[in-house]
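Below is one structure, written out as structure tokens; comments come after it.
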Number of protein chains: 2
Amino acid sequence: MAHSDQYIDKLRKSGLRPTKQRIKICEVLFDAEKTFHFTIKELVKIIENQANIKVSLATVYNTVHAFIKKGYLKEIPLNASQSYYDTNVTHHHHFFDEEENKLIDIHQDDVDEVNIKRTIPGKKIRSVEVIAKIVSDNQSQK
Amino acid sequence: MAHSDQYIDKLRKSGLRPTKQRIKICEVLFDAEKTFHFTIKELVKIIENQANIKVSLATVYNTVHAFIKKGYLKEIPLNASQSYYDTNVTHHHHFFDEEENKLIDIHQDDVDEVNIKRTIPGKKIRSVEVIAKIVSDNQSQK
DNA sequence: CAACAGTTTAGAATAAATATAATGTATTAT
DNA sequence: ATAATACATTATATTTATTCTAAACTGTTG
């Protein structure tokens with residue numbers, strides 16, 4: 001299976017041995033037709049539904065964090081009670097629907113490049129994220 | 001005292017009675033020469049150091065949230081273990097130093113207006129935040 | 001097959017944020 | 001003012017996401 005090899009490669013490059021559990025996590029994350037947003041809880045639920053193997057919370061957390069460090073996943077900055085992650089690591093931004101607690105992609109084409117004309121001495125920019133919080137538009141505004 | 005009156009006004013407009021504790025919170029938040037970023041824990045510590053009155057965690061949380069709802073404070077979207085707040089509610093963005101866990105303002109003038117050319121039906125944009133994560137620049141990059 | 005390095009897991013620990021309920025204080029109507 | 005009422009404060013308990021731990025497990029290597 002070609003896919004499986006890719007997962008083993010991703011895991012190895014992240015400093016992790018390719019185990020059953022970790023490959024299952026890869027399948028869920030990287031096999032999907034579309035990229036998607038998820039919380040750890042949701043990811044565990046998807047695995048439970050799809051798989052005949054059990055994966056513990058700790059393993060999911062560890063694997064997700066290793067992938068983030070390596071750049072195979074992205075964490076989206078939000079002040080929600082849980083952390084949100086994205087399988088789409090290409091440069092793009094997000095709407096966050098505060099009522100539904102849902103993330104929606106904003107394609108790169110739909111926002112001008114954010115150009116920051118200021119630097120901090122001794123520091124470099126690692127990432128730039130735009131978060132546009134949205135709520136229902138009831139026409140009238142109190 | 002003119003300041004005190006402003007605080008009472010802010011509290012009333014936020015639907016809160018002006019009590020000793022809440023006025024103390026206002027003093028710390030709105031009396032400062034410069035705007036600043038804070039976590040709840042830090043705010044409580046500042047109050048403890050400055051004040052002869054005790055303020056419980058619950059009161060601080062409640063008051064801060066009422067002010068955010070009213071627009072007197074801003075919460076900054078970050079995936080940190082604690083929430084970060086800003087007394088500067090004018091339109092501006094942030095660097096987040098991931099090593100120091102510190103926020104640094106990016107003035108409005110230092111970023112072009114973020115223009116999102118896409119809307120979500122039935123929704124309106126409530127806020128747009130730019131977060132630029134920064135790390136030490138060691139010249140060499142592995 | 002023994003030894004070792006790395007894994008998985010359940011459950012414990014941690015810590016931020018929220019809820020609770022008893023006590024205290026400000027406001028209102030009298 | 002004073003009593004009655006509505007709202008506040010507080011210490012403590014609860015909740016929940018995340019991290020930690022230590023024991024059992026797996027797979028690889030000599």
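Sequence lines set the chain letters: A, B, ... in the order given, protein chains first and strands last, and positions in each chain run from 1. Note that this is a predicted model, so its numbers are computed, not measured.
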Counterpart residues, side-chain contact (heavy atoms from CB on, under 4.5 Å), relative to A:K54 (two or more places apart): none
Dot-bracket summary - DNA chain C, pairs being Watson-Crick or G-U whose distances fall under 3.5 Å, with | when paired to another strand: ||||||||||||||||||||||||||||||
Please report the distance, rounded to the nearest Å, between [atom1] in [X] and [atom2] in [N].
X     : N      : atom1 : atom2 : value
B:E42 : C:dA17 : CD    : P     : 12 Å
B:K24 : C:dT25 : NZ    : P     : 19 Å
B:L43 : C:dA16 : CG    : C1'   : 15 Å
A:I25 : C:dT9  : CD1   : C1'   : 13 Å

Pair A:F30 and A:F67, ring centroids less than 6.0 Å apart: yes
Donor-acceptor pair between B:Q108 and B:T90 side chains, under 3.5 angstrom: no
Modelled atom types, side-chain donor and acceptor of B:Y7 and B:D31, under 3.5 Å: yes
Sugar-phosphate, base or nothing in reach of B:R12, heavy atoms under 4.0 Å: sugar-phosphate
Partners passing ring-ring contact (aromatic ring centres under 6.0 Å, His included) against A:H91 (at least two apart in sequence or in another chain): A:H93
Pairing residues for B:H92 by the side-chain hydrogen bond (donor to acceptor under 3.5 Å, both in side chains) criterion, not counting sequence neighbours: B:D86, B:H94, B:D105
Test salt bridge (charged side-chain N to carboxylate O under 4.0 Å, His left out) applied to B:R17 - qualifying residues, sequence neighbours left out: none
Under 4.0 Å protein heavy-atom contacts per nucleotide of nucleotides 6-18 of chain D, with B for base, S for backbone only and - for none: BBSSBS-----SB
Within 45° cone of A:Y72 ring axis and under 6.0 Å: A:K10 NZ or CZ: yes
